[in-house]
Structure formats: C-alpha cells, structure tokens
Amino acid sequence: KKKKKVEKIITTVNENETYLNFLPLMSAAWQSIAGLKPVVGFVTDRDEDDPLIRKVQQYGEVHLFEPLYGINQGVQAKVTRMFLASQAAEENENRMIVDVDMIPLSSEVIKVFDEAPEDKFVKWGHDHRAFAPGTPDHGKWPMDRTTAPAKIFKEIINPDNLDYEELLKSWMNFRVIDGREDITLPFDVFSDESLLRTLYERWKDKP
C-alpha cells in the first residue's frame, strides 16, 4: 500500500480567542478532506482537567506547553509547531505544519503533495511574489503547509535532540540572516518563516 504523503497535521494555539475560534472549522475541514484530526499544541498554564482544554480536545490531539518567561505566547505558539513536527522522528511519518486560520477548501490541497518525490522537504508557496529575489524575504516561504518526513524535520529543527525548553532557549537572541529569527521579539516583528529559513540553511543535508 502506498504511503500517504501527509499523515499528520500539526498546528498550535494559545488562549487568544481570535485563533482559538478558528480551531473547530479548521479541524472539521482537515478531517473532511484528508481524514486527519490535527495535532494541536496549546501554550497555556491550564491543566488537562480545565474545561477549556477539554473543549479543545474535541478538535485534535492536544499537547500542553507552559508559557516560557521572556517569550510572547503567540510567538511561542508559532515555534511550538516546529518542535512538535520534529518529535518522535523514528516514526518517520509525513507531517504538515499548518496555520490554524488557514482553512483548506478542497481535497486538491492534499492531492498536490502526491506529486512531490518521496522523503523530501516540501516548501509550499516558495514562489509567491512576496518572497521573490530583491525582496527582504527572498529565500523564505509560507510556514503553512510546510511538509516533510519527521526525520527531516528533526534534522533541520532539532539536530541536537534538545528538550522543548532547551530548544526554544537556543532561539532566544538568535539573529542570523534578517534579525527576525529571535523569538524574544514582539509578535508583530518575529517571523517563524525567518527562523525556519535560517535553520534550513544550516541543514547539512540540504539538497
């Protein structure tokens, strides 16, 4: 049986209602077009018995992460997706990072990944005009729908096998290409696409 190109959908939220309110529709859409219930990282102080956590568990496999000092919770939520994508790499399932507020409207979104070669890191929308040569964001791509086998995510994102807090601390005051990789920046300045581009450029097996 041919392996599905996308086997796990990964997203994150914090307690910001703007994003939490997208979760039911986003979850329903992915289950409808791909039969996949999302993995949801939740940055929060609440425990698993909290009514809000119980509610969110209706829409995905929830993993709780305590807020870390010195990091905006929205920023922490963004990069938590990357951590989750890199975990349990020995399972080597194909994983897709998605934005909770980007709702797929057609099964073509999943079918297009069948065109990608096996065991590759797939950048979705890398040719968007916002990332064209001569723009400040050249070399980046939208985080939404970035897809790869778990082992590749680990090689890029967490090659030293750090735990969650250690990994995020390694990205504090981390300014390499455009300075927006630093997760201590405000939410509207930090760019998770900048962070992933920098980690990708450091990947020793980059094709």
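What you see is a predicted model; the values in this text were computed from it and never measured.
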Aromatic contact, Trp141 with Tyr200 (centres under 6.0 Å): yes
Pick one: which of Val122, Val6, Ile10 meets side-chain contact (heavy atoms from CB on, under 4.5 Å) with Met96? Val6
Is there a side chain to side chain contact (heavy atoms under 4.5 Å, CB included) between Met82 and Met143 once you walk through the steps? CA-CA 10 Å; Met82 295 164 59; Met143 179 69 77; 3.7 Å; yes
Side chains of Ile183 and Phe174 in contact at under 4.5 Å (non-hydrogen atoms): no
Spell out, as yes or no, whether a donor-acceptor pair under 3.5 Å connects the side chain of Asp99 to the backbone of Met102. no
Does the side chain of Asn94 come within less than 4.5 Å of Phe113's, by heavy atoms? no
Kindly assign one of parallel, tilted or perpendicular to the pair His128 and Phe131, based on the angle between their ring planes and the thresholds 30° and 60°. perpendicular
Side-chain contact, heavy-atom cut-off 4.5 Å: Lys140 with Ser191? yes
Show the nearest heavy-atom pair for residues Asp47 and Leu64, with the distance to one decimal. C-CD1, 3.9 Å
Is any side-chain heavy atom of Thr146 less than 4.5 Å from a side-chain heavy atom of Phe153? yes
Within 45 degrees of the ring normal and closer than 6.0 Å to the centroid, is that where the cationic atom of Lys206 sits relative to Phe121? no
Side-chain (Arg81) to main-chain (Lys78) donor-acceptor, under 3.5 angstrom: yes
Taking side chain as C-beta onward, heavy atoms only, is Thr11 less than 4.5 Å from Leu84? no
Is there a side-chain hydrogen bond (donor to acceptor under 3.5 Å, both in side chains) between Asn16 and Thr18 once you walk through the steps? CA-CA 6 Å; Asn16 184 322; Thr18 298; 3.3 Å; yes
Full working for side-chain hydrogen bond (donor to acceptor under 3.5 Å, both in side chains) between Tyr164 and Thr80: CA-CA 8 Å; Tyr164 178 72; Thr80 296; 2.7 Å; yes
Check Arg54 with Asp49, please: is the shortest side-chain N to carboxylate O separation under 4.0 Å? yes
Intermediate values then yes/no, side-chain hydrogen bond (donor to acceptor under 3.5 Å, both in side chains), Glu155 and Trp203: CA-CA 7 Å; Glu155 288 174 8; Trp203 181 28; 3.0 Å; yes
